[in-house]
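Just so we're on the same page: letters track the sequence lines, and every chain starts at 1.
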Amino acid sequence: MSTAETRTQAGAGAAAAGQLRRMPGLVPVTETLRTVERRAPEPLTRDADEDAGEGTGGFTGGDAAGGLRIGAFWRLLGSELALTFRRPRNMALLAVLGVVPVILGIGLRLASSTAGDGEMGGVVQNLAGNSLMLTFLSFSFLVLLLMPVAVSVVAGDAIAGEAGGGTLRYLLAAPAGRGRLLAVKYLNAVVFGYAVTAVVAVTALLTGLALFPGGSVTLLSGTTITVGEGLLRILLAVGYVGAAMAALAAVALALSTFTEVAIGAIAGTLVLLVVCQVVRAVPALAPVTPYLLPTRFTDFDGVLRDPVDYAALRDGLLSFAAYIALFGSIAWARFSGKDITS
Amino acid sequence: MTPVTVTGTTQEAGAPFGAAPPAGDSSAAIVTRGLTKRFRGGQVAVDALDLTVPRGSVYGFLGPNGSGKTTTIRMLLGLITPTAGTYDVLGLPPARALPRVGALVEGPAFYPYLSGEANLMRFDAADPSARRATARRRIADALDRVGLSAAAGKRYRNYSLGMRQRLAIAAALLGPRELLILDEPTNGLDPQGTREVRALVKEIAADGTTVFVSSHLLAEIEQMCTHAAIMRSGRLVVQGTIGSLSAGRVPLIRVETPDVAEAARVLGELGLSGVQAGAGELTAELGGQRPEMINAALVGQEVAVRGLAVVRPSLEDVFVGLTGEGFDVDG
């Protein structure tokens with residue numbers, strides 16, 4: 001069979017020179033000629049006229065190449081973000097997080113209308129006075145579990161998901177570069193963390209404005225501020241909670257570099273989170289709690305003090321930065337030298 | 001087992017590939033020296049491999065399953081760190097050469113929820129030397145080249161195995177490549193798909209691209225390669241041009257006939273040696289004889305010739321001759 005086939009192809013090359021139409025993929029020699037014509041004028045390195053640094057040696061140096069490299073980084077990040085924000089699973093997570101504040105708002109509205117004037121609980125009383133409070137309330141409900149779940153899914157999937165699907169080897173052979181890929185994956189998770197935070201904040205704000213009277217905001221300290229100032233403080237809280245999610249994403253990303261099963265990295269992160277909560281609940285372990293990541297999650301309520309408790313926010317942010325540095329290093333140490341066998 | 005390097009008679013093989021070639025300009029597309037990979041647990045997947053892949057060649061990388069081919073390819077692509085040894089790709093360290101290398105490693109792997117086109121865009125974005133401005137055109141070209149243009153917008157999930165394989169080849173062709181590394185490119189393809197891949201490899205090689213193709217199918221390599229190396233249990237058994245590999249083996253002529261005895265006499269008279277008679281057929285070493293003359297002689301002596309074929313020595317014979325073992329028995 002083999003010799004016959006070779007003969008056929010050789011024959012086709014000599015005889016069928018005028019026969020241009022081809023079947024998909026079955027390439028007669030005429031096709032080869034066409035391709036040679038099309039390809040020959042191209043230099044070995046692509047677009048050599050534009051890539052100043054991309055000479056024959058394959059070096060990238062100089063300003064143009066530096067610009068190219070930065071552009072390529074943003075392109076990969078854009079591709080990553082598009083992949084994340086188009087994936088139905090991730091959009092479903094965002095949708096769930098958007099719905100919870102609405103449910104919470106409706107629940108509280110019903111509670112406030114059925115309760116008599118003097119019987120309103122502290123929370124409801126707070127809300128009845130100002131619509132902006134629902135945002136902070138939603139954060140305190142979601143920041144300890146549901147938001148971390150969403151962030152862990154994306155960050156835990158980052159490397160392990162690509163490894164499990166086999167696409168990691170093609171990304172690295174492209175070559176995406178290990179450090180570059182890890183950086184892009186982390187930034188992507190951070191953006192998703194802020195998206196999660198923003199979705200909660202925005203839906204809570206809109207629900208609050210729709211269901212509760214606007215006007216001034218009464219703080220935990222008892223003083224009252226204007227709506228404009230209240231919005232500023234919401235922005236502050238979003239920044240803080242987003243940073244908290246970024247710290248969690250670093251942990252999930254580090255775990256993600258150790259496995260080829262995405263669900264393992266996701267579950268691992270959530271187990272760590274739950275263990276932290278258990279430790280926090282045990283009074284005898286109190287000396288440990290300040291070092292646990294979730295302890296700082298709820299410190300966003302510093303923005304509800306008067307004046308804003310910047311010391312608490314700063315301590316929290318420093319703690320997040322420490323977690324990002326530590327787990328980012330672990331992820332890098334593991335990923336940079338890992339044998340990719342998936 | 002000592003690796004045998006056969007220096008061939010044809011143009012490419014004669015060039016000496018000595019020590020480390022000058023960076024950036026080398027006559028070899030791939031050079032490895034003592035390349036070794038020992039996995040955690042002590043298993044030696046690749047053992048002191050010395051490969052030299054000449055530029056412009058179609059280089060067949062042969063070996064039974066588990067002989068270390070894929071591990072070698074993963075090292076060449078920087079996916080696995082070697083335990084020992086050095087290697088150059090296109091005269092450069094692999095990390096710098098990779099933008100000019102297209103690769104298919106251990107079967108296709110894409111995002112199932114993206115279309116073929118979107119998948120290629122994704123991998124193009126991962127290559128820092130690829131330009132976004134030309135991406136659409138390059139992707140369309142690559143899809144066209146593998147005959148997938150019609151299915152460009154279809155989700156990868158719904159691709160057949162053959163289409164997936166072709167998409168993987170398209171991904172390897174996204175830019176102008178100097179070297180194409182194809183690991184088992186015909187795995188899982190039907191005979192039609194196999195033929196298509198073979199034609200594509202020949203076409204790519206005609207552009208001057210070096211093609212390094214691994215396979216566990218000897219016949220396939222024989223048909224499309226100019227050079228070959230044979231691996232066994234992580235070690236190199238032999239490398240050289242296809243011609244030189246089978247140089248020591250002589251072609252045979254095989255005659256199908258009911259008159260075996262008479263045919264044997266005629267072949268003997270013609271001076272053919274090694275005549276072996278079987279049931280309804282016989283073989284002899286062709287020597288310098290022309291097959292059509294043998295046929296004429298047989299017919300002239302009124303031998304009923306039902307079939308006549310020249311049997312060229314196969315790489316399998318070479319492999320068996322070098323190792324004393326069948327090709328596929330080794331796990």
| task | Measure A:R178 against the heavy atoms of chain B and call it side chain, backbone, both or neither at under 4.5 Å. | result |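 For A:R178, the side chain is the part near chain B, not the backbone.
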| task | Let me know if A:E162 has heavy atoms under 4.5 Å from chain B in its side chain, its backbone, both or neither. | result | side chain
| said: Could you check whether B:D124 pairs with A:R75 (Lys NZ or Arg NE/NH1/NH2 to Asp/Glu carboxylate O, under 4.0 Å)? | reply: yes
| query | Is the shortest side-chain N to carboxylate O distance from A:D339 to B:R40 below 4.0 Å? | reply | no
| What option among B:T70, B:L77, B:V105 has the most heavy-atom pairs under 4.5 Å with chain A? |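 Answer, by heavy-atom pair count under 4.5 Å with chain A: B:V105.
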Return the [atom1] to [atom2] distance between [X] and [Y], rounded to the nearest 0.5 Å.
{"X": "A:L171", "Y": "B:D127", "atom1": "CG", "atom2": "CG", "value": "11.0 Å"}
{"X": "A:R169", "Y": "B:I73", "atom1": "CZ", "atom2": "CD1", "value": "11.5 Å"}
{"X": "A:T167", "Y": "B:N119", "atom1": "OG1", "atom2": "CG", "value": "9.0 Å"}
{"X": "B:Y113", "Y": "A:L83", "atom1": "OH", "atom2": "CG", "value": "4.0 Å"}

| Any side-chain heavy atom of B:R122 sitting closer than 4.5 Å to one from A:L76? |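 Yes, close enough: below the 4.5 Å cut-off.
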So what's closer than 4.5 Å to chain A heavy atoms on [X]: side chain, backbone, both or neither?
{"X": "B:M75", "result": "neither"}
{"X": "B:L104", "result": "both"}
{"X": "B:F39", "result": "side chain"}
{"X": "B:R74", "result": "side chain"}
{"X": "B:P112", "result": "neither"}

| Got more than 12 heavy atoms from elsewhere within 6.0 Å of CZ, B:R136? |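 Counting other residues, nucleotides and ligands, CZ of B:R136 stays at 12 neighbours or fewer.
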| said: For A:R87, is the CZ atom crowded, meaning more than 12 foreign heavy atoms sit under 6.0 Å from it? | reply: yes
| If you look at every heavy atom in A:R180 and B:A126, which pair is closest and at what distance? | NH2-O, 2.7 Å
| message | Ignoring hydrogens, what is the shortest heavy-atom contact between A:L172 and B:L98? Give both atom names and the distance. | response |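 A:L172 and B:L98 have their closest heavy atoms at O-CD1, 4.0 Å.
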| Would you call the rings of A:Y170 and B:F110 parallel, tilted or perpendicular if under 30° counts as parallel and over 60° as perpendicular? |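 Rings of A:Y170 and B:F110: parallel, under 30°.
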| said: Looking only at heavy atoms and a cut-off of under 4.5 Å, which of A:P175, A:S79, A:G337, A:A174 has the most pairs with chain B? | reply: A:P175
